[in-house]
> 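Below is one structure. I have some questions about it.
First the proteins, then the strands, lettered A, B, ... as listed; each starts at 1.
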Amino acid sequence: MDDKFLKPYNPQETESKIYKLWEEGGFFKPKGAGEAFSIILPPPNVTGTLHMGHAAMLAIEDILVRYNRMKGKKTLWLPGTDHAAIATQSKIEEILYKKEKKTRHDLGREEFLKRVEQFAKESHDTIVNQIKKMGASIDWSRETYTLDEKRSLAVKTAFKRMYDNGLIYRGNRIVNWDPKMQSNVSDDEIERKEEKSPFYYLKYGPFEIGTARPETKFGDKYVVMHPDDKRYKKYEHGQKLDLEWINGPITATVIKDEAVDMKFGTGVMTITPWHDATDFEIAKRHNLDTEQIIDFNGKLLPITKEFAGIHIKKARSMIVEKLKEKGLVTKINENYTLNLATNYRGGGVIEPQIKEQWFVDVNKKFKLKNSKINGIKNGDETSLKEIMRKTVESGQIEIIPKHFDKTYFHWIDKLNDWNISRQIWYGHRIPVWNKDKEVYVGVDAPEDDGWTQDPDTLDTWFSSGLWTFSTLGWPEDTDDMKNFHPTSVLETGHDILFFWVARMILMSGYLLGDVPFKKVYLHGMVLNAKGKKMSKSSGDIIDPLDMTEKYGADAARLSLIVGAPPGNDISLSEDKIRGYKNFSNKIWNIARFVLSNVDEKNIKEKPKLSALDKEWIKNLNNITKTVSDNIDGYRPDFAADEIYHWVWHNFADIYIEEVKLVLQNGSDVDKKSAKWTLYTILTTCLKLLHPFAPFITEEIWQSLPKKDSETLIVASWPQ
RNA sequence: GGGCGGUUAGCUCAGUUGGUAGAGCGCAUCAUUGACGUUGAUGAGGUCGGAGGUUCGACCCCUCUAUCGCCCACCA
């Protein structure tokens with residue numbers, strides 16, 4: 001027996017050594033010609049460090065990858081990082097302002113981007129190190145970045161194809177403008193926050209209207225009511241009314257529209273089409289005038305007269321004062337709660353604005369070439385929405401757990417065109433050039449002079465949408481594409497089902513006529529011991545690096561797997577991780593016991609087995625099947641729990657205790673049988689445990705006297 | 001307002017095609033120079049949110065209801 005077993009297991013000493021052994025052995029690269037199994041790593045944002053959610057993701061994916069590799073499949077797990085346009089840029093802007101009191105405009109586009117790149121580089125190195133610490137058996141030779149050259153080519157190619165097909169268009173529409181970020185964001189990037197705000201009732205000629213935002217009301221010259229509202233029967237659509245308003249007399253026009261809720265307030269409202277999506281739709285339907293009241297910095301425009309140049313935050317109370325003086329305020333509800341729209345990255349308050357932007361048309365019909373999508377034949381007319389729906393509806397893509405497909409369909413049903421242009425600097429520049437009235441869209445800049453490129457960048461999810469195939473070399477026709485696409489499974493958090501999963505299905509469906517993956521495994525959020533979000537302010541953040549250092553990566557991984565069924569949030573405490581550290585110790589001591597009682601001559605060939613040992617080999621086969629079935633069924637949580645219990649409470653607590661008696665008092669035949677069986681159960685258990693606890697199992701494996709593979713990582717999975 | 005989940009032992013949660021409930025932690029009692037004290041054995045503790053229904057039989061299926069959480073939404 002190796003002397004190392006005389007000391008307790010030391011993960012710190014072992015883990016980096018073992019990881020090096022695997023990496024240098026080239027075991028992370030796909031091997032063989034068999035069936036393929038592929039996972040593309042959801043690329044972590046280069047905004048800092050990994051958290052426990054990432055650790056859980058890595059653990060689940062590594063389990064699937066190691067299991068399939070041991071089963072002999074040609075297994076690829078491909079790493080990468082995400083430039084995370086808005087998230088990264090706002091992070092750098094924050095740091096820049098804190099440290100140097102400068103904005104990005106003080107630095108200029110070029111210098112600012114240098115700073116971002118530098119930060120992204122450092123962040124990348126930290127992240128790669130963390131991924132390795134978790135034991136991820138991922139193929140670093142294929143590492144990618146969403147903003148690198150090949151991915152840029154993919155992005156530009158995709159944009160051009162969609163533009164040429166009429167699926168990308170430029171439109172003057174109402175968008176979600178974030179004055180803080182100085183960019184617009186898509187509907188999905190809006191996070192609504194409840195906020196107490198007074199609600200004002202104002203006299204508008206013969207009507208009473210309500211508003212939480214009096215500062216937008218200057219230009220309101222349309223008064224809208226439901227066509228069926230009997231209270232306002234005497235007013236006709238198009239009727240003009242002269243009335244006194246904030247800055248003097250105006251002429252208002254009556255509009256009848258079904259968008260008005262008769263039950264809300266007085267059933268009458270005025271509209272501000274430039275700064276409200278609903279109002280914009282009403283104005284569009286009736287072809288009404290629109291006028292901007294607030295500029296892109298959040299300051300009032302000259303239409304507001306004496307308030308011009310004042311920021312809306314300051315202006316509101318001043319405007320209410322003026323309204324009061326003029327006797328236009330009828331009442332104020334101080335207990336009103338409104339759902340404030342904010343940017344989910346950076347938290348800026350959204351001010352809807354009409355702006356010219358790029359959109360992906362999700363409803364437009366087009367002919368799908370080379371379709372491998374169930375229910376859509378080659379050359380059939382379809383739409384992006386239909387592709388997103390059919391792939392999941394037909395079961396071609398299976399979402400695990402199942403109930404998320406309802407959420408997914410629900411989202412598709414209300415989906416509007418996807419706004420893909422951003423006014424930020426960090427990201428893929430839109431591949432569109434303008435010269436006078438001419439527009440050029442292409443992968444490369446036009447050759448002749450006088451063209452200027454669109455200053456905007458693309459939504460980060462546009463490039464993420466291509467991720468399963470841009471990482472494999474698309475638009476080139478590579479071997480990796482042939483071998484590994486569609487990928488076997490996408491494993492990610494349920495919080496990015498819309499942002500990412502849906503966009504990948506859209507992009508892959510359109511560009512390849514195929515699905516990007518066969519299964520979507522959604523994991524839950526990692527919460528604190530009380531089931532709440534971990535946060536800096538409550539000081540309960542559990543850091544993956546701290547935990548691997550304190551308890552070992554194997555313990556950290558197990559704590560994130562057991563009790564975490566797909567889709568369920570998991571509450572994590574340090575106690576739980578400590579519990580699995582104890583399990584590591586148990587495994588170590590089982591190995592010590594077995595190896596101190598068994599030597600090479602006992603295991604050369606299979607002896608005649610005692611009745612007891614036959615029974616235990618049968619038990620071993622049962623647990624093997626249970627573990628395999630649960631991993632195959634995408635229940636790694638069950639698989640881990642089952643093997644954990646079996647090893648500890650059956651193998652160790654029962655079998656080893658019985659064997660001790662045999663080794664003391666048994667016949668020679670029974671002793672031989674017991675030694676062989678002990679060793680067989682140990683080696684099989686190391687294999688079964690390997691996907692979950694790769695480091696300690698490999699470390700023990702390295703000291704085994706007889707084995708069917710030099711390294712456990714590529715040993716064959718037991719049948 | 002719409003959708004989706006949860007509600008099971010003191011705590012955290014399992015319970016994958018219906019056969020009167022399980023784990024971990026905690027608690028109690030006991031063991032001890034044993035491969036491992038990062039241990040082992042034993043035990044206490046639950047009318048499975050509530051009310052109906054289907055069934056020979058329901059934690060599980062159906063209906064209603066309470067409550068918590070999440071997501072979505074143009075109540076100005």
Side-chain angles (χ1 to χ4, degrees), chain A residues 1 5-6 8-9 174 187-188 190-192 199-202 209-213 216-217 220 223-225 257 259-272 275-282 336 338-339 341 352 401-411 413-415 494-495 497-498 524-525 527-533 551 555 559 562-573 575-576 578-597 626 629-630 633-635 637-638 641-642 644-645 648-649 652-654 656-657 659-660 678:
Chain A
M1 184 180 66
F5 289 109
L6 299 175
Y9 174 63
I174 193 148
D187 296 344
D188 291 295
I190 301 284
E191 185 175 59
R192 290 188 188 266
F199 192 81
Y200 305 91
Y201 291 89
L202 307 176
I209 60 154
T211 184
R213 304 197 60 198
T216 65
K217 294 277 144 194
D220 287 16
V223 57
V224 191
M225 55 212 75
D257 193 284
V260 176
D261 181 354
M262 286 189 271
K263 290 195 260 342
F264 185 79
T266 57
V268 177
M269 66 178 192
T270 61
I271 57 168
T272 314
H275 299 292
D276 184 282
T278 314
D279 296 1
F280 178 81
E281 292 302 322
I282 294 172
Y336 185 77
L338 72 110
N339 285 327
K402 177 124 185 54
H403 71 254
F404 274 103
D405 60 10
K406 284 184 197 147
T407 315
Y408 175 80
F409 292 136
H410 197 246
W411 175 81
D413 288 341
K414 61 109 217 159
L415 181 65
H494 65 68
D495 54 330
L497 180 62
F498 310 141
M525 306 292 107
L527 306 172
N528 67 18
K530 288 181 187 130
K532 299 270 179 247
K533 241 183 166 170
Y551 306 107
S559 72
V562 178
N568 275 30
D569 292 349
I570 168 180
S571 49
L572 182 69
S573 62
D575 276 345
K576 189 174 177 190
R578 199 177 295 121
Y580 289 104
K581 159 85 177 161
N582 295 352
F583 181 54
S584 302
N585 180 63
K586 196 75 188 179
I587 299 171
W588 191 249
N589 279 292
I590 289 170
R592 184 205 297 199
F593 177 80
V594 173
L595 295 178
S596 64
N597 282 293
T626 303
D629 287 352
N630 277 308
Y634 287 90
R635 291 305 301 260
D637 56 315
F638 281 159
D641 203 27
E642 293 281 353
Y644 168 88
H645 277 278
W648 197 322
H649 301 298
D653 289 348
I654 303 175
I656 287 183
E657 290 308 316
V659 160
K660 281 179 189 170
L678 266 181

> How would you label the contact of A:Tyr336 with the nucleic acid (heavy atoms, under 4.0 Å): base, sugar-phosphate, or nothing?
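Sugar-phosphate: the residue A:Tyr336, judged by heavy atoms under 4.0 Å, touches backbone atoms but no base.
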> Shorter than 3.5 Å, N or O on both sides, protein versus nucleotides 23-30 of chain B: list them out with atom names.
residue	atom	partner	partner atom	Å
B:A23	O2'	A:His645	NE2	3.2

> Taking A:Thr626's backbone N and O only, do any of them form a donor-acceptor pair with A:Asn630's side chain (distance below 3.5 Å, no angle check)?
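Yes: the side chain of A:Asn630 pairs with the backbone of A:Thr626.
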> Look at all strands and tell whether A:Glu657 reaches a base, only sugar-phosphate, or nothing, counting heavy atoms closer than 4.0 Å.
base
> Could you state the atom-to-atom distance from CG of A:Asn585 to P of B:A35 in whole Å?
14 Å
> Could you list, one pair per line, each protein nitrogen or oxygen that sits under 3.5 Å from a nitrogen or oxygen of nucleotides 68-72 of chain B, together with the distance?
residue	atom	partner	partner atom	Å
B:C72	O3'	A:Lys414	NZ	3.4

> Between A:Lys576 and A:Val562, is there a donor-acceptor pair closer than 3.5 Å when you use the side chain of the first and the backbone of the second?
yes
> State the pairing partner of B:G18; accept Watson-Crick or G-U wobble contacts with both distances under 3.5 Å, and report none otherwise.
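No nucleotide pairs with B:G18.
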> Between A:Asp569 (side chain only) and A:Met525 (backbone N and O only), is there a donor and an acceptor less than 3.5 Å apart?
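Yes; at least one donor-acceptor contact below 3.5 Å.
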> Output the rounded distance in Å from CG (A:Asp279) to P (B:C75).
12 Å
> Using atom NZ of A:Lys263 as one end and atom P of B:C74 as the other, report the distance to the nearest whole Å.
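Whole-Å distance recorded here is 18 Å.
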> Categorize A:Ala652 for me: base, sugar-phosphate, or nothing, with a 4.0 angstrom heavy-atom threshold over every strand shown.
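Counting heavy atoms under 4.0 Å across all strands, the contact made by A:Ala652 includes a base.
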> Hey, does A:Val260 reach any base, or is it just sugar-phosphate, or nothing, if we go heavy atoms under 4.0 Å?
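Base, at least one base heavy atom under 4.0 Å.
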> Rounding to a whole Å, what distance do you find between A:Ile570:CD1 and B:G6:C1'?
16 Å
> Nearest whole angstrom, please: distance from the C1' of B:A41 to the NZ of A:Lys660.
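Spelled out: NZ on A:Lys660 to C1' on B:A41 is 13 Å.
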> Measuring from atom OH of A:Tyr551 to atom OH of A:Tyr580, what distance do you get when rounded to the nearest 0.5 angstrom?
14.5 Å
> Out of B:G5, B:A14, B:A35, which has the shortest distance to the side chain of A:His403?
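Minimum distance to the A:His403 side chain belongs to B:G5.
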> Would you mind reading off the distance between A:Asn597 atom CG and B:C36 atom P, rounded to a whole angstrom?
12 Å
> Please tell me which of the listed nucleotides, B:C4, B:A76, B:U38, lies nearest to the side chain of A:Asn582?
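So the side chain of A:Asn582 is nearest to B:U38.
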> Of the nucleotides B:C36, B:G40, B:U38, which one has an atom closest to the side chain of A:Trp648?
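The answer is B:G40, which lies nearest to the side chain.
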> When the distance from CZ of A:Phe199 to C1' of B:A76 is rounded to whole Å, what number comes out?
6 Å
> Between A:Ser571 and B:C13, does any side-chain N or O lie under 4.0 Å from OP1 or OP2?
yes
> For A:Arg635, answer base if it contacts any base atom (sugar-phosphate contacts may also be present), sugar-phosphate if it contacts only those atoms, and nothing otherwise; contact means non-hydrogen atoms under 4.0 Å.
sugar-phosphate
> Please give, in whole Å, the distance from B:U39 P to A:Phe593 CZ?
18 Å
> Return whichever of A:Ser584 or A:Ile656 has its heavy-atom-nearest nucleotide of RNA chain B closer to the 5' end.
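It is A:Ile656, whose closest nucleotide lies nearer the 5' terminus.
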> Of A:Phe638 and A:Asp653, whose nearest nucleotide on RNA chain B comes first from the 5' end?
A:Phe638
> Spell out, as yes or no, whether a donor-acceptor pair under 3.5 Å connects the side chain of A:Asn589 to the backbone of A:Asn585.
yes
